A.B. asks: 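This is the structure I want to talk about, given as structure tokens.
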Number of protein chains: 2
Amino acid sequence: MSQIGEHLRELRRRRHLGIRELAARSGISHSTISLIERDRISPSVDTLSAILDALGTTLPGFFSGITSVVPSSPFYSSRDCIEIGNHDSISYRMLGVNFPNRTVLMLHETYAPGADTGEAFSHQAQEAGFVMTGAVELTVGSESRVLMPGDGYYFDSRSPHRFRNVSNEASQIISAVTPPTY
Amino acid sequence: MSQIGEHLRELRRRRHLGIRELAARSGISHSTISLIERDRISPSVDTLSAILDALGTTLPGFFSGITSVVPSSPFYSSRDCIEIGNHDSISYRMLGVNFPNRTVLMLHETYAPGADTGEAFSHQAQEAGFVMTGAVELTVGSESRVLMPGDGYYFDSRSPHRFRNVSNEASQIISAVTPPTY
DNA sequence: GGCAACTGTCTAGTATTCTAACCGGTGAAT
DNA sequence: ATTCACCGGTTAGAATACTAGACAGTTGCC
């Protein structure tokens, strides 16, 4: 929304390009670019991608350069941690909701007895965590192991992985994923 | 962009969320999400951002580039977590010792009653953590607060910060720092 | 067998982005 | 001072994203 227009305009100016010239190179009309740069419209990903192409940039590069200037409070009480799981048998409570340019996804995970994530496949990221309560069977690739409180894990998320609560009480894990693609 | 839909669908499935549930949380209609996931339309940045918000992800995280890493053994029992603290009153037990190209420093921190880190500056990084037991007074910049079990924090490590155990029992924190500037 | 509560897809209509053409302003050459 | 070339901004109309609601398939309960 906000910084996109400003950021785009700066990228263009840095290359000493006019709006019309950028339009010609990207195949997007100059009026559209003008509107985007002044935050009058929110471009589609296709449109933005075409423009960035002409600037020699990429979508990841573009968004990694955006930094919010809004400072947020460093403290998060229990109720500030928003739920991003499916509520039923598995709870994922996320930390740092409004943190600008968050680079790590920190979670407080709670699994009901018998809860199972099912197999999840490659997202390019790294995952680490400690088991706090209960007992969790973690499968990564073809390996499997039951982790007890105090134990932990660290694996590349590109390997298919799966968590299963094998205790008869709630299992809790504190985990971190970076980049926060989960 | 063809892989956007597939990527988005996988993110959603990984959380065991239905299209309708995600729609309700993001404020975007379920039909739109369906169309995006099947690459029938190219979402506007606003729309995509709203959806990613509900998934606990960010635009930079979503578009972040591909890094290939060869995984080692993903499991770490308690005794595999090496101590990097000073052993006296503060313990820092690190996860993923020999993980190649580690991008996050995951710690199990234990503070004896009264233990105090003193004021610390750090390199550019981000820190997040959950308090598990005890009570910890955290000071970041000029702000200070006592965090109880279940509470957490997330701040930019460039701000001077300090941890102090204000309970009469051991306080434990599970934390993550990225990049692992240690 | 229903019936209810899900799942994801499809369609008709609305809202928004995007384009083409036009607008006034600047500066340089004649 | 006119003309020309360029700049970015504005605006109807075309193209596309987005929404509400209907549809079919699946699961599970009675």
Side-chain angles (χ1 to χ4, degrees), chain A residues 1-55 57 59 62-63 66 83-92 112-121 162, chain B residues 1-55 57 59 62-63:
Chain A
M1 194 178 273
S2 49
Q3 320 94 294
I4 288 183
E6 188 184 353
H7 192 195
L8 190 60
R9 172 154 290 186
E10 181 156 346
L11 280 181
R12 176 175 62 80
R13 293 235 166 103
R14 198 172 296 158
R15 289 157 176 73
H16 304 100
L17 289 175
I19 283 188
R20 288 183 134 89
E21 168 105 21
L22 179 56
R25 295 192 191 180
S26 62
I28 304 298
S29 68
H30 74 278
S31 38
T32 298
I33 295 176
S34 171
L35 292 168
I36 293 173
E37 289 190 351
R38 288 173 306 116
D39 289 320
R40 299 286 302 270
I41 61 178
S42 172
S44 77
V45 173
D46 271 0
T47 302
L48 182 57
S49 178
I51 296 172
L52 295 179
D53 257 13
L55 288 171
T57 316
L59 284 166
F62 180 77
F63 284 111
I66 290 184
E83 173 67 49
I84 63 172
N86 71 352
H87 284 257
D88 301 350
S89 54
I90 304 178
S91 162
Y92 295 132
D116 188 339
T117 62
E119 188 154 302
F121 273 96
R162 170 182 199 164
Chain B
M1 294 289 275
S2 52
Q3 62 272 46
I4 285 183
E6 186 186 355
H7 192 188
L8 190 61
R9 170 155 289 185
E10 184 159 345
L11 281 181
R12 175 175 63 81
R13 290 238 166 102
R14 198 165 292 147
R15 259 149 260 231
H16 303 100
L17 289 175
I19 284 188
R20 292 181 135 86
E21 175 74 21
L22 179 56
R25 295 191 191 185
S26 61
I28 304 299
S29 71
H30 69 279
S31 35
T32 297
I33 294 176
S34 173
L35 291 169
I36 294 173
E37 289 189 350
R38 288 173 302 120
D39 290 320
R40 299 285 303 271
I41 60 178
S42 172
S44 77
V45 172
D46 273 359
T47 302
L48 181 58
S49 177
I51 296 173
L52 295 179
D53 258 12
L55 289 171
T57 313
L59 283 166
F62 183 78
F63 286 112

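The chains referred to below are lettered A, B, ... by the order of the sequence lines, with proteins before strands, and numbering in each begins at 1. Values below: every heavy atom of this structure, side chains too, minus hydrogens, waters and symmetry copies. Since the structure is predicted, the reported quantities are computational estimates derived from the model, not experimental observations.
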A.B. asks: Any sub-3.5 Å donor-acceptor pair from B:R12's side-chain atoms to B:L17's backbone N or O?
C.D. replies: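 Yes, because the side chain of B:R12 sits within donor-acceptor range (under 3.5 Å) of the backbone of B:L17.
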
A.B. asks: Write down the atom of A:F62, the atom of A:I4, and the distance for their closest heavy-atom approach.
C.D. replies: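 Minimum heavy-atom contact is CZ-O, 3.9 Å.
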
A.B. asks: Using five base pairs at each end to define the local axes, how bent is the helix from C:dG1-D:dC30 to C:dA21-D:dT10, to the nearest 10°?
C.D. replies: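 Result, rounded to 10 degrees: 10°.
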
A.B. asks: Kindly compute the distance separating OG1 (A:T117) from NE2 (B:H16), expressed to the nearest 0.5 Å.
C.D. replies: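 Rounded to the nearest 0.5 Å, the OG1-NE2 separation comes to 5.5 Å.
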
A.B. asks: So, taking the atom named CD1 in B:I41 and the one named OG in B:S31, what distance separates them when rounded to the nearest 0.5 Å?
C.D. replies: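 Reported to 0.5 Å precision, the distance equals 8.5 Å.
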
A.B. asks: Can you tell me how far P of D:dC7 sits from CD1 of A:I33, to the nearest Å?
C.D. replies: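 Interatomic distance, CD1 of A:I33 to P of D:dC7: 12 Å.
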
A.B. asks: Heavy atoms only: give me the nearest A:A115-A:S89 pair and the separation to one decimal.
C.D. replies: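 Distance-wise, the nearest heavy atoms are CB-O, 3.7 Å.
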
A.B. asks: Quick one: B:L17 CG to C:dC6 C1', roughly how many Å, whole number?
C.D. replies: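 After rounding, the gap between these two atoms is 14 Å.
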
A.B. asks: Whole-Å distance between D:dG8 C1' and A:E37 CD?
C.D. replies: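 Nearest whole value for this atom pair: 10 Å.
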
A.B. asks: Quick check: do B:H30 and B:S34 have side-chain heavy atoms less than 4.5 Å from each other?
C.D. replies: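 Result no, sub-4.5 Å side-chain heavy-atom pair not found.
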
A.B. asks: Let's go through A:I36 and A:I51 carefully: what are the C-alpha distance in whole Å and the side-chain angles of both, what is the deciding distance for side chain to side chain contact (heavy atoms under 4.5 Å, CB included) to 0.1 Å, and is it a yes or a no?
C.D. replies: CA-CA 11 Å; A:I36 293 173; A:I51 296 172; 3.9 Å; yes

A.B. asks: Check the distance between D:dC6's P and A:I19's CD1 and give it to me in whole angstrom.
C.D. replies: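 Spelled out: CD1 on A:I19 to P on D:dC6 is 16 Å.
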
A.B. asks: Rounded to the Å, how far apart are B:E21 CD and C:dT7 P?
C.D. replies: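 Between P of C:dT7 and CD of B:E21: 8 Å.
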
A.B. asks: With no angle test and no hydrogens, is the base of C:dA21 tied to the side chain of A:S31 by a donor-acceptor pair under 3.5 Å?
C.D. replies: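 Counting by modelled atom types and ignoring angles, no donor-acceptor contact under 3.5 Å is found here.
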
A.B. asks: Quick one: does any side-chain atom of B:S26 pair with a main-chain N or O of B:L22 as donor and acceptor, under 3.5 Å?
C.D. replies: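 Indeed, once roles are kept as given, a pair shorter than 3.5 Å links the two residues.
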
A.B. asks: Would you list the protein and nucleotides 23-26 of chain D atom pairs, both N or O, that sit under 3.5 Å from each other?
C.D. replies:
none

A.B. asks: In whole Å, what is the span from the CZ atom of A:R38 to the C1' atom of D:dG8?
C.D. replies: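 Rounded to whole Å, this separation is 8 Å.
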
A.B. asks: For a 4.5 angstrom cut-off between non-hydrogen side-chain atoms, does B:R9 reach B:D39?
C.D. replies: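 No, too far: nothing below the 4.5 Å cut-off.
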
A.B. asks: Looking at B:V45 and A:L48, what are the two nearest heavy atoms and their distance?
C.D. replies: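 For B:V45 versus A:L48, the nearest heavy atoms are CG2-CD2, 3.8 Å.
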
A.B. asks: For B:H30 and C:dT9, give me the distance from atom NE2 to atom C1', rounded to whole Å.
C.D. replies: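 After rounding, the reported distance stands at 8 Å.
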
A.B. asks: Can a side chain N or O of B:R12 be found less than 4.0 Å away from OP1 or OP2 on C:dG8?
C.D. replies: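 Answer yes for this pair, as a side-chain N or O of B:R12 is under 4.0 Å from OP1 or OP2.
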
A.B. asks: Would you say A:S34 reaches D:dG8's phosphate, i.e. side-chain N/O to OP1/OP2 under 4.0 Å?
C.D. replies: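 For A:S34, the contact criterion (side-chain N or O under 4.0 Å from OP1 or OP2 of D:dG8) is not met.
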
A.B. asks: Restricting both atoms to N or O, compile the protein contacts to nucleotides 16-18 of chain C shorter than 3.5 Å, with distance only.
C.D. replies:
| unit_1 | atom_1 | unit_2 | atom_2 | d |
| --- | --- | --- | --- | --- |
| C:dT17 | OP1 | A:S42 | N | 3.0 |
| C:dC18 | OP1 | A:S44 | N | 3.0 |
| C:dC18 | OP1 | A:S44 | OG | 3.2 |
| C:dC18 | OP1 | A:T47 | OG1 | 2.5 |

A.B. asks: Does any non-hydrogen side-chain atom of B:L52 lie less than 4.5 Å from one of B:L8?
C.D. replies: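 Contact flag for B:L8/B:L52 side chains = yes.
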
A.B. asks: Figure out the CD1/P separation between B:I51 and D:dA17, and round it to whole Å.
C.D. replies: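 That distance rounds to 13 Å.
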
